[in-house]
Amino acid sequence: MHFFYVKTRKWPTGETLAPTEGVTFGGPPDVEDRAAPEFVATGPGSVLQFLFWHTGRRITGKRNVRWNFTTMTWTVWEATKWYGVPGDGGGGPGVIHAEAFSLISNDRMMVDTPISGVTGGATWPFMGNNNNVGTASGPGNIAGIDPLSGLSLCGWQKLVWGGNPDPDPFIESDADVTATNVPGDGSGNVFTFTPGATLHVAQNEGGEALAAYGSSGPPEPPGRHIFDILKWIELDRGRRPWDIRADPPPWDILRRRLVEDLITRTEPGAGPATDFNSIINAVPNMSADDLKRAQSSVKTQVDLGQTALSSIEAQMKRLGKTK
Amino acid sequence: MTHAARILLVGFQDQDNLGLRYLSSSLRAAGHDTRIESFGAGADPLVRAAADYSPDIVGFSMIFQFMAPDFAQVITGLRASGCNAHFTMGGHYASFSPETILQLIPELDSVVRFEGELPLVDIANAIAAGSEWREIPGIAWRDGDAVRLTAPRQDKIDLDAIPWPDRSDIRYEQQQMPIASVLASRGCPWKCSFCSIITFYEGNGTKGRRRRNPKLVVDELEYLVNERGVRLVLFQDDDFLSGGKDARDWALTVAREIIERGLNEKMRFKFSCRSDEVREETLAPLVEAGLRHVYLGVESGDPDALKTLNKMITPEVHHRAGQVLRKLGISFDFGFMLLQPWSTFEQVRNNLTFLREFCDGGYTVAGFCRTLPYVGTPMEKKMREEGRLTGPALEADYTFLDPRLDALWDFSLVAFSGRNYGKEATWDRLRTVLFEARLDYPRERDLDFLASAQRLAATSNRLLLDIAEEALDRLETMERPTAEDPALIELARFAREQNAQVAATMNALWNTRPSVVEAELFR
């Protein structure tokens with residue numbers, strides 16, 4: 001069984017904008033066509049515009065994408081279309097705004113700037129912002145930091161609001177994907193959409209740019225062969241085994257390394273404050289799973305609120321005041 | 001001509017590493033000189049220490065076998081620096097698999113097997129005298145491509161005859177809450193299938209548990225409390241109460257001595273035991289003497305899994321122990337293996353149900369691991385016989401009989417990263433918070449803080465168990481189970497988001513009553 005999933009996320013924060021679309025295959029071959037609409041509405045007065053596709057292997061600004069699946073040496077293939085609000089980025093006339101994007105986690109922009117330097121007449125940092133390049137003073141070549149947060153630079157992509165509506169689709173394929181070279185693992189040899197570590201910008205050019213990062217390490221082994229463990233330890237010298245000395249048991253720290261990609265992909269964000277009114281409004285449209293999740297989440301918020309209330313009341317008691 | 005040997009002892013400093021300190025005191029009692037160095041910062045500090053100290057022997061204490069590659073790296077570096085001392089190693093893994101360790105680390109000259117005090121003193125005596133050490137009982141050494149094991153040691157160390165552990169380098173006065181480890185006994189009479197304690201001590205020809213004279217144990221406590229300023233004692237005994245009525249009487253004598261000497265006014269202590277040893281009539285006097293925390297080897301809440309683990313206990317007994325400890329008002333935590341090599345779906349469900357009841361109200365914190373096949377355990381032997389172990393002995397692993405449980409375990413490692421696993425995991429921190437909240441010395445209990453801590457623990461437990469059960473439901477119906485399933489990934493993300501919120505509140509609460517014990521007491 002093979003699963004093809006299409007997600008819709010908001011740029012740059014990564015919030016899920018629509019339910020995941022899923023297709024299940026028994027085996028190859030299969031062709032999947034997807035046309036991303038230029039706009040999606042997320043509520044009254046809230047409309048977001050297309051920015052790019054993460055096809056599972058590459059980034060493209062084309063709204064129409066075709067996936068030719070001929071090998072299916074994989075189990076799950078995940079593609080994501082990203083939408084944003086023009087102006088949220090920081091790019092504009094004469095200013096290129098660049099963000100770093102992890103092809104592995106594929107769920108938000110990375111924190112650090114991807115820019116290591118700019119050659120030519122362009123100005124960087126621009127107005128004190130090291131994500132911005134000023135182009136009024138001339139053209140330039142933007143060099144990316146490589147590696148960044150342990151990930152390797154795979155390439156650059158200029159983002160255009162609304163994307164490219166060309167009906168001739170961007171072709172994606174799994175023809176050269178093997179069991180050790182799978183979409184989503186972020187291997188440098190998988191994400192080859194824009195070779196080169198620099199991005200050229202013209203004088204007075206403005207807008208958004210993306211520097212995509214993946215892993216430069218070996219792809220995750222398909223099996224859980226223990227002989228590979230020492231190699232993984234070598235890759236993980238930053239976290240010594242004795243940092244975690246009892247539980248989980250030591251070997252499971254090693255096994256944990258084998259699901260590291262999933263751990264990265266599920267990294268929690270700061271999380272917005274709970275908006276109970278929005279939850280109440282959304283309840284009628286929630287699926288069973290959503291309801292379960294919302295119930296659990298609200299319970300947590302109530303519990304944490306009660307803890308805060310208890311702290312307040314305890315302090316009032318200490319100060320000799322009544323509730 | 002005999003002279004005093006200089007022995008550099010190297011080990012991971014975890015809760016004092018009493019094993020290393022007993023070696024040091026025995027060597028000193030035999031007239032040798034010792035120095036203790038921590039392991040864990042690479043070869044450089046040891047190279048400097050060796051250059052400064054010029055040891056005749058360097059003894060490495062390896063507690064966890066997963067550290068073997070790191071020991072190999074350090075030992076190679078130390079030898080390469082020009083240190084030509086005799087290198088030896090001890091510990092559970094080295095004792096059970098001296099051939100492997102001598103092959104893995106060719107710079108080692110010998111391995112000291114099982115209890116190390118007597119053989120290491122013999123090695124030191126031989127090297128100091130320039131005489132042959134290769135015939136000393138209880139060691140292993142490399143002879144060309146072969147490894148020679150000398151006769152097993154059968155001289156049963158008298159625990160009352162060996163000196164107290166060498167604590168000369170510990171600066172208790174620099175600790176906010178001085179904490180010391182103490183060993184009142186060695187060994188365990190039980191035969192749990194996942195544990196190597198019984199086979200380790202059998203290697204020395206001893207069976208069951210050897211207890212020290214209780215008055216001498218309290219002498220050591222008195223010294224630590226009155227002369228070193230210790231305020232919290234961690235008994236490192238494998239099982240403080242095992243051994244039937246004799247052991248209970250022994251424990252009550254320890255309690256009585258503590259009270260008679262007034263030490264219960266100046267310190268608190270914790271120990272480990274089994275659930276079936278938790279009886280109110282036994283524990284109440286110990287609580288009066290200062291017992292404030294018990295670690296229980298619960299391991300499972302499913303009757304069949306408990307049989308597989310050869311725990312000789314039922315879930316009902318665990319529940320009864322929990323009730324007694326709650327009644328006594330002391331904190332407890334416990335070891336729990338959600339999965340063991342022969343686990344079934346039903347057993348896992350039963351385990352989750354058990355945890356919900358056992359941890360009810362957030363009195364204690366739920367958490368779990370899976371059983372690992374440690375060398376020297378009956379379980380490892382059985383799995384090897386059944387051909388289920390993968391990889392070499394040093395890194396033996398296995399997959400479950402039901403592949404859905406492999407996916408469940410992968411999911412757990414992802415979803416509960418930061419909750420059950422990892423540095424500063426919520427599980428560990430909450431255990432520390434609850435321990436401190438119930439600790440009544442050196443400051444009084446704050447009942448409001450305790451109530452808040454329990455509420456947080458209850459919230460964290462609910463999230464853990466609800467999410468684990470939801471994952472179990474989903475995996476049960478999957479044809480090709482995988483933690484890569486998108487719904488499970490979303491569930492894992494949700495688990496981690498929720499845990500992050502609980503952790504943030506826990507940290508805020510922690511800040512309202514700063515800790516007096518080290519944050520890593522429970523991890």
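Since the model is a prediction, treat every value here as computed from it, not as a measurement. Below, read A as the first sequence line, B as the second, and so on, with proteins coming before strands; counting in each chain starts at 1.
- Contacts between A483(B) and chain A at a heavy-atom distance below 4.5 Å involve backbone atoms as well as side-chain atoms.
- Side chains of T426(B) and R419(B): no donor on one and acceptor on the other come within 3.5 Å.
- Within the 4.5 angstrom heavy-atom criterion, only side-chain atoms of D446(B), from C-beta onward, approach chain A.
- For the residue pair T364(B)/D333(B), the side-chain donor-acceptor check at 3.5 Å is not satisfied.
- Salt-bridge formation is detected for the pair E490(B)/K7(A): a Lys NZ or Arg NE/NH1/NH2 atom is positioned less than 4.0 Å from an Asp or Glu carboxylate oxygen.
- Aromatic ring centres of F101(A) and W11(A): separated by at least 6.0 Å.
- Applying the ring-ring contact (aromatic ring centres under 6.0 Å, His included) criterion to F336(B), with sequence neighbours excluded, gives F354(B).
- Residues of residues 295-303 of chain A lying within less than 4.5 angstrom of chain B, judged on heavy atoms, are S296(A), S297(A), K299(A), T300(A), Q301(A), D303(A) in numerical order.
- Listed by chain and number, the residues in a salt bridge (Lys or Arg N to Asp or Glu O under 4.0 Å) with R455(B) amount to none (sequence neighbours excluded).
- Heavy-atom distances place no part of F416(B) under 4.5 Å from chain A, backbone and side chain included.
- With sequence neighbours left out, the salt bridge (Lys or Arg N to Asp or Glu O under 4.0 Å) criterion links R404(B) to D402(B).
- Both the backbone and the side chain of T459(B) come within contact range of chain A, each with at least one heavy atom under 4.5 Å from a heavy atom of that chain.
- S287(A) and D290(A) share a donor-acceptor pair across their side chains, judged by distance under 3.5 Å alone.
- Both the backbone and the side chain of I489(B) come within contact range of chain A, judged by heavy atoms closer than 4.5 Å.
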